[in-house]
Amino acid sequence: MTRVLVIEDDPIIGEMLILYLSEENFEVQRVESAREGRVALSAFDPDILLLDLMLPDASGIELCSDFRQLTAIPIIVISMKPSVTVRIQAISSGADDFLVKPFSMQELKVRMDAVLRRMSNPAITKPLAIQSVESQTVGVLQQQGLSLDLERRTIVLDGEHIETTFSEYEIMKLFYQYPNRVFSREELINAVRGIDSFINDRAIDVHVTNLRRKLEKNPKEPQFIKTVWGVGYKFIKA
């Protein structure tokens with residue numbers, strides 16, 4: 001049974017989430033603070049995290065960043081704040097999706113299913129133009145000082161392990177398996193989320209910016225991930 005950790009201090013929303021998700025055959029634990037959330041993350045060992053940004057003892061954005069350093073599980077932020085700035089901050093801090101209150105429980109489940117499906121199935125749902133290649137079956141991909149361990153979902157640069165979010169890793173894996181191919185933002189959206197979950201062009205730009213910051217010696221003059229103006233991005237193979 002899929003375990004869901006809900007960090008939500010609003011008792012009404014919290015109980016609604018517990019009732020609905022339990023009926024949908026999820027095992028749910030709810031806590032009301034960042035402190036309790038840190039304990040539950042270790043003790044409950046969830047498969048997915050639903051994180052409210054407005055908590056009594058911590059900034060939700062900072063907590064999201066802290067959690068991302070501790071776990072690779074999908075994080076869906078739920079918030080009363082609909083602004084684009086807050087969405088960008090949440091995604092930049094490691095969130096995999098963002099849902100504005102009030103929201104439909106059915107929509108929440110669809111988004112949860114989408115990120116969980118991506119996590120459980122290592123094969124990316126690719127745009128129709130992309131065909132299977134032999135490199136997809138290789139356990140480790142390596143070039144230019146970069147390596148991807150597909151089974152462990154890790155990126156190593158010059159012998160150093162690079163921490164990435166779920167979405168950043170999925171984008172990099174797609175780039176890595178299809179070097180020199182130009183991907184539109186729409187194709188990257190479909191690869192990361194699947195067509196049934198929300199993400200926009202700006203979120204893709206944030207993920208690429210974060211990847212450059214982590215992988216490039218000079219992110220302003222990237223050698224790995226190039227922008228193709230008016231189209232999207234591509235990964236340069238030496």
Heavy-atom side-chain proximity of V6 to V31 below 4.5 angstrom:
no

Kindly give the heavy-atom pair with the smallest separation between F183 and E187, and that separation in Å.
CA-OE1, 3.3 Å

Less than 4.5 Å apart, side chain to side chain, heavy atoms only: is that true for I236 and P179?
no

Under 3.5 Å: donor-acceptor pair, side chain of K109, backbone of M105
no

Describe, in one word, how the ring planes of F235 and F224 are oriented to each other, choosing from parallel (under 30°), tilted (30 to 60°) and perpendicular (over 60°).
parallel

How long is the span from the CG atom in L211 to the CD1 atom in I162, to the nearest 0.5 Å?
10.5 Å

Sidechain-backbone polar pair: R3 side chain, D45 backbone, donor-acceptor under 3.5 Å
yes

Does the side chain of L51 come within less than 4.5 Å of I76's, by heavy atoms?
no

Nearest-0.5 Å distance, CG of residue L17 to CD1 of residue I78:
5.5 Å

Out of curiosity, L50 CG to L21 CG, how far, rounded to the nearest 0.5 Å?
6.5 Å

Give a yes or no on whether the backbone of Q89 and the side-chain of S93 come within a donor-acceptor separation of less than 3.5 Å.
yes

If you group Ile, Leu, Val, Met, Phe, Trp and Tyr by side-chain heavy-atom gaps below 4.5 Å, do V39 and L70 land in one group?
no

Evaluate the side-chain proximity of E170 to S167: yes if any heavy-atom separation is below 4.5 Å, no if none is.
no

Over all atoms of both residues, closest heavy-atom pair of K173 and L148:
CA-CD2, 3.6 Å

If you compare all heavy atoms of T227 against all heavy atoms of Y233, which two are closest, and at what distance to 0.1 Å?
OG1-CE2, 3.4 Å

Which pairs count as salt bridge (charged side-chain N to carboxylate O under 4.0 Å, His left out) when at least one residue sits in residues 203-224, sequence neighbours excluded?
E168-K214, R185-D205

Honestly curious: do V156 and F175 fall in one hydrophobic cluster under the side-chain, below-4.5 Å linking rule?
no

Spell out, yes or no, whether L41 and M1 are grouped together once hydrophobic residues are joined by side-chain heavy atoms under 4.5 Å, including indirect joins.
no

Not counting sequence neighbours, list each pair that qualifies as a side chain to side chain donor-acceptor pair (under 3.5 Å) and has a residue in residues 4-29.
E8-K101

Ion pair E32/R30, N-O distance below 4.0 Å
yes

Residue pair I7 / D52, side-chain heavy-atom distance below 4.5 Å:
no

Can you confirm whether I12 is buried at CD1, in the sense that more than 12 heavy atoms of other residues, nucleotides or ligands lie under 6.0 Å from that atom?
no

Taking atom CE as the centre, does M80 end up with more than 12 heavy-atom neighbours from other residues, nucleotides or ligands that are less than 6.0 angstrom away?
no

In this structure, would V110 and L19 fall into the same cluster of hydrophobic residues linked by side-chain contacts under 4.5 Å?
no

Side chain to side chain contact (heavy atoms under 4.5 Å, CB included) assessment of L174 paired with L188:
CA-CA 8 Å; L174 188 60; L188 294 175; 3.9 Å; yes

For D97 and R111: C-alpha separation, side-chain torsions, deciding distance, then whether salt bridge (Lys or Arg N to Asp or Glu O under 4.0 Å) applies.
CA-CA 8 Å; D97 207 343; R111 297 193 185 192; 3.4 Å; yes

List the steps, then state whether side chain to side chain contact (heavy atoms under 4.5 Å, CB included) holds for L99 with E107.
CA-CA 9 Å; L99 202 56; E107 181 183 4; 3.7 Å; yes

Hey, are the side chains of I75 and I48 touching, using non-hydrogen atoms and a 4.5 Å cut-off?
no

Any chance you could lay out the side chain to side chain contact (heavy atoms under 4.5 Å, CB included) test for V86 and F98, step after step, and finish with the verdict?
CA-CA 9 Å; V86 174; F98 190 106; 3.9 Å; yes

Could you walk me through whether K81 and V100 pass side chain to side chain contact (heavy atoms under 4.5 Å, CB included), step by step?
CA-CA 7 Å; K81 299 180 179 180; V100 178; over 6 Å; no

Determine the minimum heavy-atom distance between A34 and L63, stating which atoms define it.
CB-CD2, 3.7 Å

Other members of the hydrophobic cluster containing V182, with the 4.5 Å side-chain heavy-atom rule, please.
V228, V231

Are side-chain heavy atoms of L116 and F26 found at a separation under 4.5 Å?
yes

Taken to the nearest 0.5 Å, the spacing of N180 CG from K226 NZ works out to 11.5 Å

CZ of R117 to CE of M112: how many Å apart, nearest 0.5 Å?
12.5 Å

Indicate whether any N or O donor in one side chain lies under 3.5 Å from an N or O acceptor in the other, for S104 and Q106.
yes

For residues V4 and F44, report the shortest heavy-atom separation together with the two atoms involved.
O-CE2, 3.4 Å

Heavy atoms, side chains only, cut-off 4.5 Å: are D47 and L5 in contact?
no

If I take atom OG from residue S59 and atom CG from residue L53, how far apart are they, to the nearest 0.5 angstrom?
7.5 Å

Would you name the heavy atoms of V77 and C64 that are closest together and state the gap between them?
CG2-SG, 4.5 Å

In the single-linkage hydrophobic clustering (I, L, V, M, F, W, Y; side-chain heavy atoms under 4.5 Å), do M54 and L49 co-cluster?
no

Taking I73's backbone N and O only, do any of them form a donor-acceptor pair with R68's side chain (distance below 3.5 Å, no angle check)?
yes

